[in-house]
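Right, one structure below, let's go through it.
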Amino acid sequence: MASQAVTPQSVDFSKWYNEIVYKADLVAQSPVRGCFIIKPYGYELWEAIRNSLDKSFKETGHQNAYFPLFIPESYLKREAEHVEGFSPELAVVTIAGGKTLEEPLVVRPTSETIIGEAFSEWIQSYRDLPLLINQWANVVRWELRTRPFLRTTEFLWQEGHTAHATEADAEAETLQMLDIYANFAIHEAAIPVIKGRKSNVERFAGALRTYTVEGMMGDKRALQSGTSHNLGQNFAKAFDIQYLDEANTRQYCWTTSWGLSTRMVGAIVMAHGDDTGLRLPPRVAPIQLVIVPIFRSEDEKAPVMQAVDQLKAALNAAGIRLRVDDREGLRPGFKFNDWEMRGVPLRMEIGPKDVDNNSVVLARRDVPGKEGKQFVSQENIAATVAELLDTVQASMLQQATVFRDANIHDIQSYDQLQQVMEAGGWARGWWAGSDDDERRVKEETGATLRCIPLEQPAGGGRCFMTGQAAGEVALFAKAY
RNA sequence: CGGGGCGUGGCGCAGUCCGGUAGCGCGCACGGUUUGGGUCCGUGAGGUCGUGGGUUCGAAUCCCGCCGCCCCGACCA
């Protein structure tokens with residue numbers, strides 16, 4: 001069937017996304033609205049994300065644990081801002097075992113409360129700090145509107161929770177984890193995210209400060225791809241997380257939490273996809289290389305498959321994730337399109353002519369059409385492929401960075417903000433507005449304050465909205 | 001909850017205005033053909049037309065009720 005995909009830069013980007021996640025076999029519909037089945041190919045992509053992050057967590061001294069799905073309703077109520085923030089989207093169990101429960105159980109929307117309760121028992125002394133815990137889990141948030149990966153009723157994520165002796169330690173942890181997210185997004189997912197701080201309006205319910213990494217999608221909208229919160233002493237006070245310091249006096253801990261979800265899968269799809277379908281960065285692609293053998297007859301098939309077996313062995317030995325498409329009855333052209341739609345970064349074509357010449361064709365997914373094809377020798381194929389995968393990885397980051405930078409516009413006035421939002425893109429300008437000003441921006445232009453970037457220009461200027469003196473620039477964009 | 005739309009084989013749809021044998025494309029199964037950019041031909045399987053009632057000799061089609069889903073808005077990793 002011919003691909004009906006539209007250009008991701010067009011107004012039909014949403015439609016393109018909804019179609020491609022199904023066609024590329026990432027996801028399937030489920031019986032429950034807002035919940036989606038993640039199919040093996042999509043799950044492998046999530047596993048690649050998970051494995052990379054988990055490695056970074058371990059390297060920075062974090063340990064995995066697992067906390068219960070059900071949280072007593074009273075726990076959420078202990079932190080006022082937190083419960084207010086999450087109440088509208090909670091799923092609550094009131095009946096179990098055929099009886100009405102004395103206290104309803106909340107299906108976790110996040111686990112600060114139950115982990116805070118545990119921390120209060122685990123932590124006695126400054127010697128117990130820092131306590132660095134992460135969990136891989138599912139959470140449920142009953143959102144009104146959902147989309148595969150980007151906003152689902154149930155989603156998979158990791159949530160890190162840490163406790164520290166000092167505010168400085170907590171802040172350092174918060175920023176360290178933000179760096180891990182940013183490094184993953186940039187170097188693995190090839191999405192050049194911008195690190196920044198959230199405004200009061202966008203801050204996590206109960207946090208002192210929230211940091212974010214924001215990525216630009218193919219339609220120039222922003223997507224928050226990971227967050228890290230400095231919770232201050234808010235949860236420590238709500239859950240009585242205290243320790244005895246070296247002077248034998250009781251002190252409240254400073255805690256953090258940080259999370260990255262299956263939304264990252266959607267980010268990768270939306271940041272890189274094109275007319276033909278997905279484009280997956282080699283470092284996270286479940287299949288990095290697909291080999292398409294080409295032959296007309298059984299006589300031609302034997303030598304081709306023999307060469308394929310040899311190439312496959314060499315590539316496997318080098319740790320390259322590959323698949324041989326030996327499906328019968330399908331023409332090569334069909335297979336080319338099929339794997340391009342699924343985003344496989346590199347394709348190897350090998351037919352009788354190549355066997356004679358000791359060559360193969362390698363086709364890059366990041367360069368469209370025939371220009372992405374090249375003949376290479378079968379000698380040292382593993383090294384050739386590995387190098388080309390690195391090239392594709394770098395090229396995809398480069399393309400995404402050029403696209404991002406071309407679509408961030410510096411603004412000096414509210415008019416300019418409105419113009420940028422109408423035309424599409426991100427707006428960057430000096431900002432000293434109030435929370436109400438920020439809400440007005442959202443109402444009138446559809447843009448939200450995505451973040452106050454950590455990297456700031458020198459000096460200061462006048463707020464583009466209020467004209468007041470401003471010391472920081474902020475990024476505004478329409479977001480998912 | 002406000003505004004708009006849709007429920008017909010696995011998926012996408014036509015048929016509804018004007019009632020009269022349930023159709024098309026894709027997919028699936030089988031046989032043949034084909035393979036360097038989305039092969040072609042043939043045969044076949046598969047549908048309580050969302051649901052309940054009403055009108056009628058006869059309802060996918062007309063009337064009334066109900067249910068479900070999608071899109072836009074409010075909420076959001």
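Naming convention: chains lettered A, B, ... in sequence-line order (proteins, then strands); numbering from 1 in each chain.
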Can you list, by residue number, the residues of [range] that have a non-hydrogen atom closer than 4.0 angstrom to RNA chain B?
{"range": "residues 350-367 of chain A", "value": "A:G351, A:P352, A:K353, A:D354, A:V361"}
{"range": "residues 282-298 of chain A", "value": "A:I294, A:F295, A:R296"}
{"range": "residues 75-93 of chain A", "value": "A:E89"}

Please state how far atom [atom1] in [X] lies from atom [atom2] in [N], giving the value in whole angstrom units.
{"X": "A:Q29", "N": "B:C11", "atom1": "CD", "atom2": "P", "value": "8 Å"}
{"X": "A:L144", "N": "B:A77", "atom1": "CG", "atom2": "C1'", "value": "15 Å"}
{"X": "A:D325", "N": "B:G38", "atom1": "CG", "atom2": "C1'", "value": "13 Å"}
{"X": "A:M217", "N": "B:A77", "atom1": "CE", "atom2": "P", "value": "15 Å"}
{"X": "A:K478", "N": "B:A74", "atom1": "NZ", "atom2": "C1'", "value": "17 Å"}
{"X": "A:R327", "N": "B:G38", "atom1": "CZ", "atom2": "C1'", "value": "12 Å"}
{"X": "A:K335", "N": "B:G37", "atom1": "NZ", "atom2": "P", "value": "13 Å"}
{"X": "A:N337", "N": "B:G36", "atom1": "CG", "atom2": "C1'", "value": "13 Å"}

Q.
Once you apply a heavy-atom cut-off of 4.0 Å, does A:S261 come out as touching a base, just sugar-phosphate, or nothing?
A. base
Q. With a non-hydrogen cut-off below 4.0 angstrom, is A:R147 in contact with a base, only sugar-phosphate, or nothing?
A. nothing
Please output the side-chain donor-acceptor pairs of residues 350-364 of chain A that fall under 3.5 Å, not counting sequence neighbours, one pair per line with the distance.
residue	atom	partner	partner atom	Å
A:D354	OD1	A:S359	OG	3.1
A:D354	OD2	A:G351	N	2.9
A:N357	ND2	A:K353	O	3.1
A:N358	ND2	A:E379	OE2	3.3
A:R364	NE	A:D366	OD1	3.0
A:R364	NH2	A:D366	OD2	2.6

Q: Specify the residue among A:A479 and A:N18 whose closest nucleotide of RNA chain B lies further upstream toward the 5′ end.
A: A:N18
Q | A:K301/A:E328 salt bridge by N-O under 4.0 Å criterion | A | yes
Q. Does the pair A:E472/A:R197 count as a salt bridge with the N-to-O cut at 4.0 Å?
A. yes
Q.
Pairing donors with acceptors under 3.5 angstrom, does anything connect the side chains of A:Y480 and A:D219?
A. yes
Q) Which residue pairs pass the salt bridge (Lys or Arg N to Asp or Glu O under 4.0 Å) test when at least one of the two sits in residues 107-117 of chain A, sequence neighbours left out? A) A:R78-A:E117
Q. Is the ring centre of A:F67 less than 6.0 Å from the ring centre of A:H161?
A. no
**Q.** A:F57 and A:W258 aromatic centres sub-6.0 Å
**A.** yes
Please measure how far the [atom1] atom in [N] lies from the corresponding atom in [M], and state the result in whole Å.
{"N": "B:G7", "M": "B:C62", "atom1": "P", "answer": "12 Å"}
{"N": "B:G52", "M": "B:C57", "atom1": "P", "answer": "23 Å"}
{"N": "B:G9", "M": "B:A60", "atom1": "P", "answer": "14 Å"}
{"N": "B:U34", "M": "B:C40", "atom1": "C1'", "answer": "8 Å"}
{"N": "B:G12", "M": "B:A59", "atom1": "C1'", "answer": "25 Å"}
{"N": "B:C11", "M": "B:G2", "atom1": "C1'", "answer": "32 Å"}
{"N": "B:C24", "M": "B:G19", "atom1": "C1'", "answer": "22 Å"}
{"N": "B:U16", "M": "B:U35", "atom1": "C1'", "answer": "45 Å"}

**Q.** Ring-face cation of A:R147 near A:F36 (centre distance under 6.0 Å, axis angle within 45°)
**A.** no
Q | Results of ring-ring contact (aromatic ring centres under 6.0 Å, His included) for A:W339 - residues two or more places apart only | A | none
Between the protein and nucleotides 39-43 of chain B, are there any N/O to N/O pairs under 3.5 Å, and if so, what are the atom names and distances?
residue	atom	partner	partner atom	Å
B:U39	O4'	A:R331	NH1	3.3

Q) Has the side chain of A:K370 got a donor or acceptor atom sitting under 3.5 Å from an opposite partner on the base of B:G36? A) no
Q) Does A:E443 make a side-chain donor-acceptor contact with the base of B:G73, cut-off 3.5 Å? A) no
Q: Look only at the side chain of A:K335 and the backbone of A:D325, and say whether a donor-acceptor pair between them is shorter than 3.5 Å.
A: yes
Q) Residues in side-chain hydrogen bond (donor to acceptor under 3.5 Å, both in side chains) with A:Y211, at least two apart? A) A:E171, A:R209
Q.
Using the side-chain hydrogen bond (donor to acceptor under 3.5 Å, both in side chains) criterion, which residues pair with A:E79? Sequence neighbours excluded.
A. none
**Q.** A:A182 versus A:V213, closest heavy-atom pair with distance
**A.** CB-CG1, 3.9 Å
Q | Minimal non-hydrogen separation, A:G425 against A:K220, with atom names | A | N-CB, 3.8 Å
Using residues 283-292 of chain A as the side-chain source, report each donor-acceptor pair under 3.5 Å to any protein atom, sequence neighbours left out, with the distance given to one decimal.
residue	atom	partner	partner atom	Å
A:R283	NH1	A:H187	O	2.7
A:Q288	OE1	A:R321	N	2.9
A:Q288	NE2	A:P282	O	3.0

Q.
Tell me every residue that passes side chain to side chain contact (heavy atoms under 4.5 Å, CB included) with A:S261, counting only those two or more places apart in sequence or in another chain.
A. A:F155, A:W157, A:R263
Q) If you measure from the ring centre of A:F336 to the centre of the six-membered ring in the base of B:G38, is it under 5.5 Å, with the planes under 30° apart? A) no
Q: Only stems of 3 or more consecutive Watson-Crick or G-U pairs count here, both distances under 3.5 Å; name the ones for RNA chain B, or none.
A: B:1-7 with B:67-73, B:10-13 with B:23-26, B:28-32 with B:40-44, B:50-54 with B:62-66
